Amino acid sequence: MWKKLPCSKSELQLLYTLTGGQCFRWKSSGENEWTGVFGHAVWTLSQDDTHVLYRVTSPADRAEDPGVGEGADASGGCTRHLQDDTQKAQLLRKYFRLDESLQELYCKWSQQDPHFKQAAVKFQGVRILAQDPVENLFSFICSSNNNISRISSMVEKLCVLYGEKIATVGDTVYHAFPVVSALASTGVEKALRNAGFGYRAKFIHQSACKIEEMGGDAWLGKLQELPYVEAKAELMKLPGIGAKVADCICLMSLNHLESIPVDTHIFQVASQRYMPHLKKYKSVTAKVYDEIGDYFRDLYGVYAGWAHTILFCADLKMFQQDTLSTKSAGSVVINDKNKRRKTAA
DNA sequence: GGCCGACCTGTGAG
DNA sequence: ACTCACAGGTCGG
């Protein structure tokens, strides 16, 4: 049974927001339907022209399921599961930052930048999610020199190996993203190596240990309060987190919306459309990195990172063919074929 | 300071 | 079926 939240498609496009490369846990579960995990619950989302539709399964909703009570007890008195509909709607609003009017922001950015205006027509309703810092941080440690398809499967492995069970929906068991202490426990690096994480296994384990040393979740919470530049500098003390990954975390889960992650996509867009003098560089140096960030911050203002995400999404999706193949067992997989054009000069 | 090469390996295009 | 280059970078020299 769907619940509804009033929301137009110009305010939110689930497709671009959930599969635009800012998070890795949303899977297509049907036509115009995605299933994923946040806020310790399994959500299935859909939308029509006037509303976002959602179904939620949290552990307390399935008290009759014999397999679930065990896990809930182990974590110790989870009264947070007893959410009423209003709280769930509020959680959803917060996750999508629905208190911000996207119409107004798009309008402002379009006035500032003709190229944005052009991209914005095809890519309406792209939102920056307010993600969980722990999931966001470790997901983007996995992102270095990697592709979205493999990043997604690595994040999934982390959840299955070290995350608490949340609920079974259909024939799929869903897990929460692991807590930091679970990733800091002995043997994680070796296990992740065996699971195909490559050199990122060490980064994940060592970063988890260091976060625990510095205060765990409280430390991450503190980064939300710090100014953007300081929060970024703190993050870059962790192994596997350089300038780009630190900016992703600042932008997507630490509420620093002026952060501009400069990756290969944005470097291409910047040098071809905005800053032609950068064409002579074949890769992003630290100086060029900061120059691009400062340029976009100056162009778009305090929410520069949000505007940047729309450009990124446009670049990512423009040359991508999405083919949906549906299996009979009720599970659906997305087959993303990266048909990105190689733009030579 | 800036530039370069090594780094793990699943995925998917050819 | 079977290569083979590549991928939302980071690190150390």
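Below, chain A is the first sequence line, B the second, and so on; all start at residue 1. As the structure is a computational prediction, the values presented were derived from the model and not from experiment. We use all heavy atoms of the structure for the numbers below, so side chains are in, but hydrogens, waters and symmetry mates are not.
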Ranking B:dG12, C:dT10, C:dG8 by distance to the side chain of A:S149, first place goes to B:dG12
Could you work out the separation of B:dG5 and C:dC6 based on their P atoms and round it to a whole Å?
15 Å
Distance between C1' atoms of B:dG2 and C:dC11 (Å, rounded)
14 Å
What is the distance, to the nearest angstrom, from the CG atom on A:L316 to the P atom on C:dC6?
18 Å
Side chain of A:T285 (C-beta onward), nearest among B:dC3, C:dG8, B:dT11:
B:dC3
Residues A:H115 and A:Y274: side-chain donor-acceptor under 3.5 angstrom
yes
Please, which pairs that meet side chain to side chain donor-acceptor pair (under 3.5 Å) have at least one residue in residues 203-214 of chain A, sequence neighbours excluded?
none
Of the listed B:dC3, C:dG8, C:dG9, the closest approach to the A:Y281 side chain comes from B:dC3
Under the side-chain contact (heavy atoms from CB on, under 4.5 Å) rule, collect the residues that match up with A:A201, sequence neighbours excluded.
A:E189, A:L192, A:R193, A:F197
Could you note down all residue pairs passing ring pair (Phe, Tyr, Trp, His ring centres under 6.0 Å) where residues 139-168 of chain A supplies at least one of them, sequence neighbours left out?
A:F24-A:F140
Can we say A:E11 and A:R127 salt-bridge, meaning some charged N sits less than 4.0 Å from an Asp/Glu carboxylate O?
yes
Distance, rounded to the nearest Å, where A:F203 contributes CZ and C:dG9 contributes P
14 Å
Checking only heavy atoms, does the side chain of A:R150 share a donor-acceptor pair with the base of B:dT11 at less than 3.5 Å?
no
Please lay out, stage by stage, how A:I260 and A:V262 fare under the test side-chain contact (heavy atoms from CB on, under 4.5 Å).
CA-CA 6 Å; A:I260 307 277; A:V262 180; 4.2 Å; yes
Side chains of A:Y303 and A:E100 only: does a donor on one sit below 3.5 Å from an acceptor on the other?
yes
NZ or CZ of A:R55 within 45° of A:W2 ring axis and under 6.0 Å:
yes
Qualifying residues under salt bridge (Lys or Arg N to Asp or Glu O under 4.0 Å), relative to A:R273, sequence neighbours excluded:
none
Residues two or more places apart in sequence or in another chain: which of them pass ring-ring contact (aromatic ring centres under 6.0 Å, His included) with A:Y16?
A:F123
Distance between the P atoms of B:dC8 and C:dG13, in whole angstroms?
14 Å
Checking A:D290 against A:Y295: is there a side-chain donor and acceptor pair closer than 3.5 Å?
no
Below 4.0 Å: OP1/OP2 of C:dG9 and any side-chain N or O of A:S143:
no
Among residues 288-307 of chain A, which residues get a heavy atom nearer than 4.0 Å to DNA chain C?
none
Tell me which nucleotide among B:dG12, C:dG8, B:dC8 gets nearest to the side chain of A:I266.
C:dG8
From CD of A:E156 over to C1' of B:dG10, roughly how many Å is that when rounded to an integer?
16 Å
With centres under 5.5 Å and planes under 30°, do A:F312 and C:dG8 count as stacked?
yes
Taking DNA chain B as the partner, which of residues 182-202 of chain A come within under 4.0 angstrom of it by heavy atom?
A:R193, A:G196, A:G198, A:Y199, A:R200
Measure CD1/A:I151 against P/C:dC6 and give the value in whole Å, please.
17 Å
Between P of C:dG9 and CZ of A:F140, the distance in whole Å
10 Å
Between C1' on C:dG8 and NE2 on A:H265, what's the gap in Å once rounded to a whole number?
5 Å
I'd like to check the side-chain contact (heavy atoms from CB on, under 4.5 Å) partners of A:V229; sequence neighbours left out, ordered by chain and number.
none
In residues 228-247 of chain A, which residues come under 4.0 Å of DNA chain C by heavy atom?
A:L238, A:P239, A:G240, A:I241, A:G242, A:A243, A:K244, A:V245
Rounded to the nearest angstrom, tell me the gap between atom CE in A:M252 and atom C1' in C:dG8.
8 Å
Sticking with atom P, work out how far B:dA6 lies from C:dA5, rounded to a whole angstrom.
14 Å
Residue set satisfying side chain to side chain donor-acceptor pair (under 3.5 Å) with A:R150, at least two apart, ordered chain then number -> A:N146
A:Q124: partners by side-chain contact (heavy atoms from CB on, under 4.5 Å), with sequence neighbours left out
A:S10
Please determine, for the side chain of A:K282, which listed nucleotide (B:dC4, C:dA7, C:dT10) has the closest atom?
B:dC4
Value in whole Å for how far the P atom of B:dG2 lies from CG of A:L278:
14 Å
Please test A:R297 against A:D294 for salt bridge (Lys or Arg N to Asp or Glu O under 4.0 Å), starting from the C-alpha separation and ending with a verdict.
CA-CA 5 Å; A:R297 272 185 285 277; A:D294 290 339; 3.2 Å; yes
Per-residue pairing states of DNA chain B in dot-bracket (Watson-Crick or G-U under 3.5 Å; . unpaired, | other strand) read ..|||||.||||||
